[in-house]
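This report concerns only the one structure given below.
Below, read A as the first sequence line, B as the second, and so on, with proteins coming before strands; counting in each chain starts at 1. Source: prediction; values computed, not measured.
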Amino acid sequence: MFQHHKTQFSEAIRLAIHAAFDLEHDPVIETPPRRELGDLACPSALHLAKTLRKRPRDIAAEICEKLELPIGCLRVSIEGAGYINVFFDRPAYVAQLMELPDPLSDGMLAPGTASAAGKVIIEHTNINPNKAAHIGHLRNAVLGDTLARCHRALGRETEVQNYIDDTGVQVADVVVGFIDLNASSLEDVRTAPEPFDYLCWDLYSRAGRWFEEDKARLELRRSTLHELESGEGERAEMGRLVAHRIVTRHLLTMARLGVDYDVLTRESEILRLDFFARAFDRLKETSAVRFEDSGKNEGCWVMPLSQSAEFEGLEDPDKVIVRSDGTITYVGKDIAYQMWKFGVLGLDFEYRPWQGFSQEHSPDLWETAASTPLQEAAVSQLGTNSDLDFGAGELVINVIDARQSYLQKIVRAGLESLGYQSQADRSVHFAYEMVSLSENTARDLGFLGQDDEQGKSLEMSGRKGIGVKADDLLDQLEAKASAEIAERNPGFGDEAREVLARDISVAALRYFMIKATTTRVIAFDLDQAMSFEGDSGPYLQYSLVRVKNIRRRLAAESLEVPVTADVIADSDPELWSDDLWDLVLLGSQIGEVTHRAAHTLELSGLARTAADLAQRFHALYHRHPILREENAELRSVRLGAMICFERSLSRLCDLMGLPIPEQM
RNA sequence: GCGGCUGUAGCUCAGCUGGAUAGAGCACCAGAUUCCUAAUCUGGGGGUCGCAGGUUCGAGUCCUGCCAGCCGCACCA
C-alpha cells in the first residue's frame, strides 16, 4: 500500500521534472516531520536548485504545474524551503488497506518473485552442546528466528538449521570432566539428574581450571578430541550422550521462546560421512591448502590467505585447516558444511526425526544421521530418510556474533579458492555484537568483587562460568509477570495466570533482544531487561489487549458499528483527524519495514516501528473514546483505525515472536 | 601494528538514501481513574550530537585527521 503510493508519487515527480526542465532526475521521497505537512515529501526542488540556478520554491511551483496527481492523492502543497508534499485520500486509502488479505503485502513484490528467488538457509543458535545456554545465545537465537519469520512472511522458502558442534574441544572438555575429574561412568551420566545443562555448566568451568593447573593434562583433551572425531570408544560414546542431553535442554529452552528449527546438523556426521574428506580433496586439488613441513605450522595443512586483499596486514597469513595431530579445525569443517549448504559438495546427509518433543510452529524437526555400522543399532530402530532435500540453498545466512567475522571471512575465502565465487557472494555473515553483563548486574551476581575496577561491563564466558543462564532469566521474568498479574487481576485462575505470565515474559525478552541495533554491544542489565513498562514487549501487548477490550465491550453493550471497507470508503474525510490517520498510515508501512529488516539484517526497525505504533495508539486511546462517542459514524472511523492498527501491530508481533494475549 | 564496532539528555539508546523545531524509554517533578482496567496518558526540567578541519544552499548523518572505549587478528570455537 504505502510503498505503492510512494512509487507512484516518485514516478509522477520524475515525469513532471522531465516535462518542466527536460531533465532526468531520480526523486527522493521522504516522510514529512509532522502529519499536517502531508503524507509524502519530495525535496527534488532543493536538489535541483544549483543546476537550475533558481530558487527552490520557484522550481517546486514549476514542477507542480506539470504534476499529474497519482490516483489516491488529493492535493499537493509546497512547504518549507521548497518541499513538494502530497496528501492522500484518507478514507479511500484506509478502505483499500482493509481489503488487503495481509497487511504486510504492499505491492513490493510481484507474486511469485520471492519463491522464485530460491531457498534461503538460516543457521542460528549453534550453541556448543556442553553447557547451559546463556543470554548471549538468546540474542543469537532470537535474531535468527526473527529473521526466519521475516523471510517466511515475505513469501520466501526458508530453512532453519541449528549446527551442533558435537566433536569439538568444548564437548571434549566436559567429557574429560566427567571421566577424569568425576570418575563418572556412562551410566552415571545417563542417569544424572536434570537440569543436566546446569550440571555441565559448572563441570565445564571446573575442567577449565583443572587444565590450567597442570598443562600436561591437556594431553587428555587432545586424545579425547581424537576419539570424538573417530566416533569410536568410550569417550566418543560419552560425547554423544553429553551432546544429546544438552541439545535436548537447549531445544527446550528455545521452545519456551517460540524458537524452532527445521534440521539439526551435527558435526559428527560431517566427519562420518566424509564431508570433510571430500572438501579436503578439493582443497588439495585446487592447491588451496598446502602441507607445511617446517616452520611454525610444521605438520599442519594450512590455507594461505596472503593472496587475498581482505587479509592484508595479518601477522600470520596462513590458517590451519588440519592440525599436526591430524584433527580438523572448525574452519575446515565449516568449509565442508558451507559447501553442502550450497549443494556443491556432492554428498548428502541422511536424516531421522528428532526424538524429543514437538515444536510449536514446525512440528517436524529432523536431525542428521549416518547409517554407518557405528550407529546401525540406533538407526535401524527409527529408520532414516535420504529423500529430504535440506541444504542446496540459494542464499545462506549464518547468524554468528561479530567476534567471529574473521573466521567467517576465511570460510568465504575457502569457497572462493575452490572456485565457488558466486556461492561466496551469496554467503552472508549476519554479525551482531555480543552481550556482556552490566557492572551492576555482574556485581549483584557475584562475578565482580569490591576491588574490581568500576565503570566496566563484564564479558560472559562459558569457560569461566560467568554469565546469566537463559532459563534462570526466563524463570525470573515469569515470576515477576506472575506477581504483577496476581496484583492487577486477582480474578485470574492459577493456570490462566501462568499462561499469561509466560506470554509476557517471552515478549519482554524477545523485544529486548530485537530492539537493540546489531552493531551495539548489549551491556545486559537485569533491571532493564525485566522492565514491563515503556519501551518494552508488554507495552506492545497491552495496546493490542486494549483493542480487544474495546471490541468486547462494544459487543457486550450491543454498540457494534459497521467497519467494512465500504463504510470506511464513504466516511466523511473530516472525521479522519491527523492523529487517527497517522496511526493507520504508519501501520501500512510494515511491509516496507519488514523488507528492509530482512535485507539489511537490521531487525531493530521492526521493534521501533512496533513501539511507535503502540505509542500512537495509547495516546489516541485516551483522546478518542469509542464507547462513549455519540456520533455513530465517528465511532466507525475510530474503530476502523484501531482495527487497522491491530492488524498491523499483530503482524509485527508475529514476526518478532511476541505472543498476543487476549487479556492482561 | 592491521582490521571491525562504538562515542547524541543524569542512565539506556533511536535518528532510513544529507533536509523542515535533534527524539524515545528509564529516573526526577507536577497532573489525569463517576473505569473502552493506570503494564496507560498529559505537561515540565534537562543537549557544545567525542574533538578539529573539510565538502554543501544545508551535516548528528558524507570525507580527512585526532582522542577515548570495546572486539578481533590461535594447531578454541
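- In this structure, A/L458 atom CG and B/rC71 atom P are separated by 10 Å, rounded to whole Å.
- For the pair A/R638 and B/rC36, the criterion of a side-chain N or O lying under 4.0 Å from OP1 or OP2 is not met.
- One interatomic measurement links the two molecules: NZ of A/K515 to C1' of B/rU12, which rounds to 8 Å at whole-angstrom precision.
- The pair A/K464-A/E212 does not count as a salt bridge, with every side-chain nitrogen at least 4.0 angstrom from each carboxylate oxygen.
- Side-chain N/O atoms of A/R34 and base N/O atoms of B/rU21 include a donor-acceptor pair closer than 3.5 Å.
- Side-chain N/O atoms of A/Y542 include one lying less than 4.0 angstrom from OP1 or OP2 on B/rA38.
- Look at A/R520 and you won't find any side-chain N or O under 4.0 angstrom from OP1 or OP2 of B/rU12.
- Ranked by how close their nearest RNA chain B nucleotide is to the 5' end, A/E484 and A/A619 are led by A/E484.
- The base of B/rC26 is not paired with the side chain of A/S531 by any donor and acceptor separated by under 3.5 Å.
- Atom pair A/D535:CG and B/rG23:P shows a separation of 17 Å (rounding to whole Å applied).
- Look at A/S405 and you won't find any side-chain N or O under 4.0 angstrom from OP1 or OP2 of B/rG4.
- Helical stems in RNA chain B, defined as runs of 3 or more consecutive Watson-Crick or G-U wobble pairs with both donor-acceptor distances under 3.5 Å, are listed by first residue as B:1-7 with B:67-73, B:10-13 with B:23-26, B:28-32 with B:40-44, B:50-54 with B:62-66.
- OP1 or OP2 of B/rG23 has not a single side-chain nitrogen or oxygen of A/Q615 nearer than 4.0 Å.
- Applying the 5.5 angstrom centroid cut-off and the 30 degree plane-angle cut-off, the aromatic ring of A/Y621 is stacked upon the base of B/rC36.
- Relative orientation of the A/Y330 and A/Y163 rings is perpendicular, given thresholds of 30° and 60° on the angle between their planes.
- Taking atom CG of residue A/L526 and atom C1' of nucleotide B/rC26, one finds them 15 Å apart after rounding to whole Å.
- Residue A/N128 places no side-chain N or O under 4.0 Å from the OP1 or OP2 atom of B/rA77.
- Checking the phosphate oxygens (OP1, OP2) of B/rC36, no side-chain nitrogen or oxygen of A/R551 falls inside 4.0 Å.
- A distance-only check finds a donor-acceptor pair linking the side chain of A/T609 to the backbone of A/G605 [under 3.5 Å].
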